[in-house]
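Beneath this line is the structure, given in structure tokens, with notes to follow.
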Amino acid sequence: MPISAALEAAREAGLDLVEVSPNSNPPVCKILDYGKYRFEEQKKKAETRKKAKRIELKEIKVRPNIDDHDYEVKMKAIHRFFEEGDKVKVTLRFRGREMAHTHLGMELLARMRDELDGIAKVEHEPRFEGRQVVMVMAPRAS
């Protein structure tokens with residue numbers, strides 16, 4: 001249909017002529033209410049954004065001389081965070097004379113890394129930030 005005839009048909013219907021597929025030969029157009037079309041497209045975009053999973057960064061704080069049961073509780077929480085698809089920031093804080101035994105803290109983080117090796121990957125290796133060591137882990141893609 002020629003463009004002038006299509007525009008006339010749209011004008012008679014009180015609607016707009018909207019080009020749907022400009023790259024095809026010949027170009028494809030529709031007669032519709034453009035304002036309503038834009039509104040529906042906005043709704044679709046908002047719906048997809050709402051359904052998208054936002055990855056959060058959860059923080060677990062530990063000390064170098066953590067007891068076995070406390071360690072297991074922290075590990076259980078880390079497992080739950082990974083199942084939800086979140087990243088985990090493990091913060092190991094040293095107080096007072098614990099700074100003289102930083103190797104104990106590094107061993108603890110290495111133990112955590114080894115235990116979580118199957119379900120998580122280390123995104124940021126353990127590094128000192130003042131009196132604490134920080135390590136960031138992310139869940140492995142299934």
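Here, residue 1 is the first one in the sequence, and each next residue gets the next number.
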Problem - Pairwise side-chain hydrogen bond (donor to acceptor under 3.5 Å, both in side chains) hits with a residue in residues 90-103, at least two apart - result: E59-T91, R63-E98, R93-Q132
Practice task
Indicate if M137 and F128 have the same hydrophobic cluster label, given that clusters are the connected sets of ILVMFWY residues with side-chain heavy-atom separations under 4.5 angstrom.
Solution key: yes
Completion exercise
For F94 and G105 the tightest heavy-atom approach is CZ-CA, 4.0 Å
Problem - Under the side chain to side chain contact (heavy atoms under 4.5 Å, CB included) test, residues paired with S4 that sit two or more places apart - result: P2
Handout entry: Nearest non-hydrogen partners of M99 and G130, listed with the distance
Key = CE-O, 4.2 Å
Exercise for the section: Flag the pair K74 / V62 as yes when at least one side-chain heavy-atom distance between them is below 4.5 Å, and no otherwise. Expected result: yes
Practice task
Locate the shortest heavy-atom distance separating A138 from K87; write the atom from each residue and the value.
Solution key: CB-CG, 4.0 Å
Exercise for the section: Could you note down all residue pairs passing salt bridge (charged side-chain N to carboxylate O under 4.0 Å, His left out) where residues 100-110 supplies at least one of them, sequence neighbours left out? Expected result: none
Practice task
Identify the two heavy atoms, one from C29 and one from L17, that lie closest to each other, and give their separation to 0.1 Å.
Solution key: CB-CD1, 3.8 Å
Exercise for the section: Indicate if M75 and I119 have the same hydrophobic cluster label, given that clusters are the connected sets of ILVMFWY residues with side-chain heavy-atom separations under 4.5 angstrom. Expected result: yes
Practice task
Flag yes if more than 12 heavy atoms outside R131 fall under 6.0 Å of its CZ atom; otherwise flag no.
Solution key: yes
Practice task
Verify the cluster assignment for Y71 and L116: are they in a single hydrophobic cluster under the rule of side-chain heavy atoms below 4.5 Å apart?
Solution key: yes
Handout entry: Heavy-atom neighbours of L57 CG exceed 12 at 6.0 Å
Key = yes
Exercise for the section: State the CD-CG distance between E40 and L32, to the nearest 0.5 angstrom. Expected result: 9.0 Å
Practice task
Establish, from distance only, whether the side-chain atoms of Q42 and Y37 form a donor-acceptor pair under 3.5 Å.
Solution key: no
Exercise for the section: For S24 and P26, work out which heavy atoms get closest and say how close. Expected result: OG-O, 3.0 Å
Handout entry: D16 side-chain N/O to Y34 backbone N/O, donor-acceptor pair under 3.5 Å
Key = yes
Completion exercise
In short, P126 meets V133 closest at the heavy-atom pair CB-CG1, 3.8 Å
Handout entry: Any donor-acceptor pair under 3.5 Å from R140 side chain to D117 backbone
Key = yes
Practice task
Treating Ile, Leu, Val, Met, Phe, Trp and Tyr as nodes and any side-chain heavy-atom pair under 4.5 angstrom as an edge, say whether V134 and L109 lie in one connected cluster.
Solution key: no
Practice task
Taking the side chain as every heavy atom from C-beta outward, state whether E115 and H79 have any pair of such atoms under 4.5 Å apart.
Solution key: no
Exercise for the section: Take R11 and E8, measure what salt bridge (Lys or Arg N to Asp or Glu O under 4.0 Å) needs, and give me the verdict at the end. Expected result: CA-CA 5 Å; R11 217 173 279 120; E8 186 60 37; 3.3 Å; yes
Handout entry: L15-I3 co-clustered via ILVMFWY side chain contacts under 4.5 Å
Key = yes
Exercise for the section: List the steps, then state whether salt bridge (Lys or Arg N to Asp or Glu O under 4.0 Å) holds for E41 with K43. Expected result: CA-CA 5 Å; E41 288 298 312; K43 287 291 234 186; over 6 Å; no
Practice task
Measure the shortest side-chain to side-chain distance between L92 and V90 over non-hydrogen atoms and say whether it is less than 4.5 angstrom.
Solution key: no
Practice task
Go through the steps to decide whether M112 and I78 satisfy the test side-chain contact (heavy atoms from CB on, under 4.5 Å), and finish with yes or no.
Solution key: CA-CA 10 Å; M112 286 180 133; I78 291 173; 3.9 Å; yes
